[in-house]
Amino acid sequence: MLQKKSLAGPYLVWMVAFIIAPLLIVGYFALTDAAGNFTLDNLTTIGRYSTVFARSLILAAIATVICLVLAFPVGYFLSRLRASKQHIMQMLVMLPMWMNFLLRTYAWMSLLEKNGIINRVLGLIGLGPFDMINTSGAVVLGMVYNYLPYMILPLYTAMTKIDHSIIEAAQDLGAGMGKIVTRVLIPMSVPGIATGITMVFVPAVSTFIISRMLGGGSNLLIGDLIELQFLGNSYNYNLGSAMSLVLMVIVLLCMSFTTDFGEEGVEGVV
Amino acid sequence: MKKKHWRALQRAYLVMLFSFLYLPIAVMAVFSFNESKSRSVFTGFTLDWYKSLFSNSMILDALALSLVIAVISAVISTVLGTMAAIGISSMDRRSRLIISNLSYVPIVNPEIITGVSLMLLFVAYQSFAAWANSEMGSAVLPEAIFGWPTLLIAHISFCLPYVIFNVSPKLRQMDVRLYEAALDLGCTPKQAFFKVVLPELMPAILSAFLICITYSIDDFIISYFTCGTLQTLPIAIYSMTRKKVSPEINALSTIMFLAILAIILITNFMDSRQYHKDQQKH
């Protein structure tokens with residue numbers, strides 16, 4: 001139509017200058033020392049922090065699995081509602097997502113603390129008090145709470161595409177609920193599952209706020225380490241860049257597993 | 001299983017899940033009216049926290065900054081992004097795919113990495129500017145850029161791809177013949193663009209603009225690394241949460257929740273009215 005390729009020029013310049021160039025600088029810092037000489041020390045130093053990396057991966061993976069298990073039935077139930085109801089429910093899922101995540105996480109701080117509401121309520125029936133805040137469990141809870149809508153929405157979208165007659169056919173052929181889930185619903189919602197996993201796992205593995213607010217000092221994650229190198233006390237851009245590089249590789253690996261299934265529709269986007 | 005029981009089970013599950021999503025927000029709303037500073041015992045009703053919130057200059061300044069940054073960066077991103085979408089639409093498939101992948105980078109990359117990488121770029125620029133200025137013996141390049149310039153650049157950078165991904169599909173759906181008909185009827189390409197193409201794209205451009213505004217106002221992580229000493233609203237909220245007990249946050253959350261709820265209800269209402277109108281037309 002409009003033969004004006006040059007209109008994309010400013011955008012391309014902008015993206016190269018402020019998206020690609022900064023990533024190359026991260027790579028440069030990761031592979032040099034403070035004086036600017038080439039070194040691999042930053043990358044090998046990361047080995048010292050392997051427990052932090054392992055903790056991030058494990059907590060994020062646990063949160064992703066919990067989100068998947070919690071969200072799967074929701075996606076299915078919502079997709080089977082009447083259209084008008086579906087719309088309202090979808091809004092209800094999205095509404096908390098629109099609140100700033102600092103405020104959402106802060107809300108859990110006051111619920112979980114030693115003399116917080118949960119412990120008070122449990123105290124009324126003679127239980128507790130439990131140590132809930134500043135544990136890795138609290139961090140996982142924060143991740144699940146913050147990112148659950150990101151799992152529900154793609155699952156729901158994938159499941160609205162499942163024709164109900166397929167489920168009925170499976171029932172007619174004698175499939176029980178378990179069989180329907182494993183043989184019909186899961187295989188047919190794979191693109192949604194893949195998208196959901198990426199959308200929960202990536203922010204969860206790179207967070208530094210949730211761990212700081214709910215995990216106390218003893219549950220450092222990759223994000224916290226990186227933040228400490230750039231704005232915190234550790235102050236080491238080179239090491240921080242190396243950590244960022246490793247985090248990027250982790251994310252890319254995760255994506256390469258999931259985009260194999262979720263690729264449909266991506267190509268036609270631009 | 002009996003159908004009735006199955007229904008009840010479904011409903012119970014949904015109720016449980018939605019209470020999980022909304023309970024923390026409800027608790028905050030309730031305690032925003034709490035007289036004492038306690039976050040767990042309700043001692044009496046008060047509106048004091050709302051009053052002190054509205055006289056808290058840190059919060060108000062941060063809110064103003066967030067709004068201004070959001071509007072400026074959304075305008076620039078929308079213009080640049082729409083131009084780019086039009087340019088991209090006339091490219092061949094291969095270049096489109098490359099640009100599409102380029103646009104995915106900031107969306108897919110963890111926010112902390114986008115933030116850190118931009119910070120490094122700005123730091124690198126600063127040392128370059130300092131070196132260049134001392135070489136030339138005069139302050140030609142601005143050195144202290146952390147603040148407004150860096151925040152704007154950062155926000156535009158993460159907003160731009162969303163404009164592309166919103167406007168491009170609309171551009172592809174558009175009927176090319178409309179544009180050609182306008183030319184045939186004597187429009188200059190410029191007129192044809194402003195009178196035919198742009199109105200057709202307007203809904204997509206508008207929704208892209210709104211997405212940019214919301215992402216910009218909501219962003220904490222990328223701003224955190226690029227703001228220098230400025231405080232946007234999320235950064236002000238963050239510094240409040242570090243102080244542990246400040247019931248003003250509850251009041252702020254409640255107000256924000258109600259504002260979001262109002263926006264959603266209004267847009268929904270307008271959508272459904274538009275829908276009915278369209279139905280009547282056909």
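Letters A, B, ... are given to chains in the order of the sequence lines, protein chains preceding strands, and every chain is numbered from 1. Hydrogens, waters and symmetry mates play no part in the numbers below; they use all other heavy atoms, side chains included.
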Between [atom1] of [X] and [atom2] of [Y], what distance do you get to the nearest 0.5 Å?
X: B/Asn250; Y: A/Tyr106; atom1: CG; atom2: OH; answer: 5.5 Å
X: B/Leu261; Y: A/Leu95; atom1: CG; atom2: CG; answer: 5.5 Å
X: B/Leu21; Y: A/Leu92; atom1: CG; atom2: CG; answer: 9.0 Å
X: B/Met28; Y: A/Met99; atom1: CE; atom2: CE; answer: 6.0 Å
X: B/Ile249; Y: A/Met109; atom1: CD1; atom2: CE; answer: 8.0 Å
X: B/Thr82; Y: A/Leu7; atom1: OG1; atom2: CG; answer: 10.5 Å

Got more than 12 heavy atoms from elsewhere within 6.0 Å of [atom1], [X]?
X: B/Phe128; atom1: CZ; value: no
X: A/Arg120; atom1: CZ; value: yes
X: B/Phe18; atom1: CZ; value: yes

[X] and [Y]: which non-hydrogen atoms are nearest, and at how many Å?
X: A/Val69; Y: B/Tyr13; result: O-OH, 4.0 Å
X: A/Leu102; Y: B/Pro234; result: CD1-O, 3.1 Å
X: A/Pro22; Y: B/Leu121; result: CG-CD2, 4.0 Å
X: B/Pro106; Y: A/Met15; result: CG-CE, 3.9 Å

Problem - Chi angles and distances behind the side chain to side chain contact (heavy atoms under 4.5 Å, CB included) call for B/Arg7, A/Phe77 - result: CA-CA 10 Å; B/Arg7 276 274 161 76; A/Phe77 296 155; over 6 Å; no
Measuring heavy-atom distances to chain B, does [X] have an atom under 4.5 Å in its side chain, in its backbone, in both, or in neither?
X: A/Leu70; result: both
X: A/Ile209; result: side chain
X: A/Ile118; result: neither
X: A/Ser6; result: neither
X: A/Glu227; result: both
X: A/Leu148; result: side chain
X: A/Leu245; result: neither
X: A/Met94; result: neither
X: A/Leu24; result: neither
X: A/Ser241; result: side chain
X: A/Val205; result: neither

Who wins among [options] for the most heavy-atom pairs under 4.5 Å with chain A?
options: B/Ile260, B/Ile217, B/Val27, B/Ile263; result: B/Ile260
options: B/Leu14, B/Val163, B/Leu252, B/Val105; result: B/Leu14
options: B/Leu102, B/Val116, B/Ile237; result: B/Val116
options: B/Phe158, B/Phe257, B/Phe220, B/Tyr22; result: B/Tyr22
options: B/Leu233, B/Leu80, B/Ile25, B/Asp218; result: B/Asp218
options: B/Leu160, B/Ile264, B/Ile221, B/Leu23; result: B/Leu160

Handout entry: Region of B/Thr214 that comes under 4.5 Å of a non-hydrogen atom in chain A
Key =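 Contact with chain A involves the side chain of B/Thr214 alone.
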Handout entry: Portion of B/Ile156 that has a non-hydrogen atom of chain A nearer than 4.5 angstrom
Key =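 Answer is both: backbone and side chain atoms of B/Ile156 are under 4.5 Å from chain A.
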Practice task
Using only heavy-atom distances, determine whether the side chains of A/Tyr11 and B/Ser103 contain a donor-acceptor pair under 3.5 Å.
Solution key: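 Yes, because at least one side-chain N or O of A/Tyr11 sits under 3.5 Å from a partner of the opposite role on B/Ser103.
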Exercise for the section: Give a yes-or-no answer on whether the side chains of A/Trp14 and B/Ser157 include a donor-acceptor pair shorter than 3.5 Å. Expected result: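 Checked: A/Trp14/B/Ser157 side chains pair up, N/O donor to acceptor below 3.5 Å.
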Residue pair [X] / [Y], side-chain heavy-atom distance below 4.5 Å:
X: B/Glu111; Y: A/Ser206; value: no
X: A/Arg80; Y: B/Gln10; value: no
X: A/Val251; Y: B/Ile113; value: no

Largest heavy-atom contact set with chain B, pairs under 4.5 Å, which of [options]:
options: A/Leu12, A/Val74, A/Leu111; result: A/Val74
options: A/Pro73, A/Ala21, A/Pro203; result: A/Pro73
options: A/Val26, A/Leu231, A/Val202; result: A/Leu231
options: A/Phe101, A/Tyr237, A/Tyr28; result: A/Tyr237
options: A/Trp98, A/Phe29, A/Tyr76, A/Phe18; result: A/Phe18
options: A/Gly176, A/Pro149, A/Pro96; result: A/Pro96

Problem - A/Phe208 ring center within less than 6.0 Å of B/Tyr224 ring center - result: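 Yes; A/Phe208 has its ring centre under 6.0 Å from that of B/Tyr224.
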Exercise for the section: Fit a plane to each ring of B/Phe20 and A/Trp108, take the angle between them on a 0 to 90° scale, and name the class: parallel (under 30°), tilted (30 to 60°) or perpendicular (over 60°). Expected result: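 Answer is tilted, since the angle falls between 30° and 60°.
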Problem - Criterion side chain to side chain contact (heavy atoms under 4.5 Å, CB included) against A/Phe230, the qualifying member of B/Ile112, B/Leu120, B/Val123 - result: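 With A/Phe230 as partner, side chain to side chain contact (heavy atoms under 4.5 Å, CB included) holds for just one option, B/Leu120.
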